[in-house]
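Taking it in order: structure first as structure tokens, then the write-up.
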Amino acid sequence: MRVLAGVAAALVLAPSVATAPPPPVTILPIVVSHPTGPPDRAHGFVAGDGLVVTVAHVLGGRVVVGGRQARVAHVDRRLDLAVLRVPDVTGEPRFADGADGTTVLGHSAPVVRRVRARVDGGAARPALELRAEIGPGDSGAPVLTSTGRVAGVVFARSSTRPSTAYAVDAAGVAELLR
């Protein structure tokens, strides 16, 4: 009994190391205006000073990010990702090492498994399968871990499986920014 009490006292008295939580990932709305037809809507996130990552499938017209005119800097059609140059946005890339995504736009989105996903007959890409409700315009949103790091980027929802969505793994996003 004394030993247990001594252990408990040692645990209570041991100095704690406080770590500041990382700053939140900045998520911005994206509107792509087309000469004909309605605009496309998506999300993007700040991945460096002046850089925003989103999905490539919405591009094709005038791109406005968070009310600012953007310019396409790089596109990877295979991964369906794009890097945009956006004035006056600041931040740093914070990517997760693993695939432990937990939220998308504040909603629960646990990672079910790693897969190779193909959309509309396109190229297969490494992806995360999520248990999540994804709606129109949610593409480009980051999948965030419990520590606030980016685990992936949402690009599609399943047309045949309810509450199933897909995200490009963060490793692909990090590679795009190099």
Side-chain angles (χ1 to χ4, degrees), residues 15-32 39-59 63-76 79-115 117 125-157 163-178:
S16 63
V17 177
T19 57
V25 172
T26 304
I27 303 170
L28 299 167
I30 296 175
V31 178
V32 180
D40 278 324
R41 298 189 186 283
H43 284 84
F45 63 94
V46 177
D49 290 342
L51 300 176
V52 171
V53 171
T54 191
V55 288
H57 70 256
V58 299
L59 300 178
V63 182
V64 176
V65 178
R68 301 172 189 96
Q69 178 70 39
R71 183 174 55 83
V72 177
H74 187 70
V75 173
D76 184 327
L79 293 178
D80 188 21
L81 292 174
V83 177
L84 308 174
R85 292 218 179 270
V86 183
D88 303 323
V89 297
T90 59
E92 59 186 53
R94 291 196 343 262
F95 299 107
D97 293 331
D100 67 340
T102 57
T103 62
V104 172
L105 299 173
H107 301 285
S108 177
V111 173
V112 175
R113 62 188 171 145
R114 290 179 182 272
V115 297
R125 65 192 94 172
L128 306 174
E129 181 181 311
L130 309 171
R131 188 171 41 251
E133 293 292 331
I134 299 298
D138 289 345
S139 290
V143 178
L144 299 176
T145 67
S146 58
T147 60
R149 295 193 176 277
V150 175
V153 179
V154 173
F155 66 85
R157 65 180 174 182
S163 301
T164 301
Y166 301 95
V168 175
D169 188 287
V173 181
E175 184 67 30
L176 183 69
L177 291 169
R178 288 188 190 154

Check: Val89 and Arg68 side chains under 4.5 Å, non-hydrogen atoms: yes

Derivation of the side-chain contact (heavy atoms from CB on, under 4.5 Å) call for Val46 and Leu28: CA-CA 8 Å; Val46 177; Leu28 299 167; 4.0 Å; yes

Gap separating the CZ atom of Arg113 from the CG atom of Leu130, nearest 0.5 angstrom: 11.5 Å

Expected output: side-chain Arg94 to main-chain Gly148 donor-acceptor under 3.5 Å: yes

Working for side-chain contact (heavy atoms from CB on, under 4.5 Å), residues Val150 and Val143: CA-CA 6 Å; Val150 175; Val143 178; over 6 Å; no

Non-hydrogen atoms of Ala167 and Gly152 that approach each other most closely: CB-C, 4.3 Å

Side-chain touch Pro29/Val64, heavy atoms, less than 4.5 angstrom: no

Spatial distance of atom CG (Asp169) from atom CZ (Arg125) [nearest 0.5 Å]: 13.0 Å

Nearest heavy atoms of Arg149 and Phe95, plus distance in Å: CD-O, 3.7 Å

Atom pair CG (Leu128) and OH (Tyr166), whose distance is rounded to the nearest 0.5 Å: 11.5 Å

Donor-acceptor pair, side chain of Asp80 and main chain of His57, under 3.5 angstrom: yes

Candidate pair Leu177 and Val53, rule side-chain contact (heavy atoms from CB on, under 4.5 Å), full reasoning: CA-CA 9 Å; Leu177 291 169; Val53 171; 4.2 Å; yes

Worked check of side-chain contact (heavy atoms from CB on, under 4.5 Å) between Arg85 and Leu51: CA-CA 5 Å; Arg85 292 218 179 270; Leu51 300 176; 3.1 Å; yes

Shortest non-hydrogen separation from Glu129 to Val115 and the atoms involved: OE1-CG1, 3.9 Å

Minimum heavy-atom distance Val31-Arg41, with the two atoms named: CG2-NH1, 3.0 Å

Donor-acceptor under 3.5 Å (Thr102 side chain, Leu144 main chain): yes

CZ (Arg131) with more than 12 external heavy atoms under 6.0 Å: no

Closest non-hydrogen atom pair between Pro136 and Arg157, with its separation: CD-NH1, 3.9 Å

Whether Asp49 side chain and Gly91 backbone form a donor-acceptor pair below 3.5 Å: yes

Which atom of Val58 lies closest to which atom of Asp40, heavy atoms considered: O-OD2, 3.7 Å

Beyond-backbone contact of Val75 with Leu59, side-chain heavy atoms, under 4.5 angstrom: yes

Thr54 side chain vs His43 backbone, donor-acceptor pair below 3.5 Å: yes

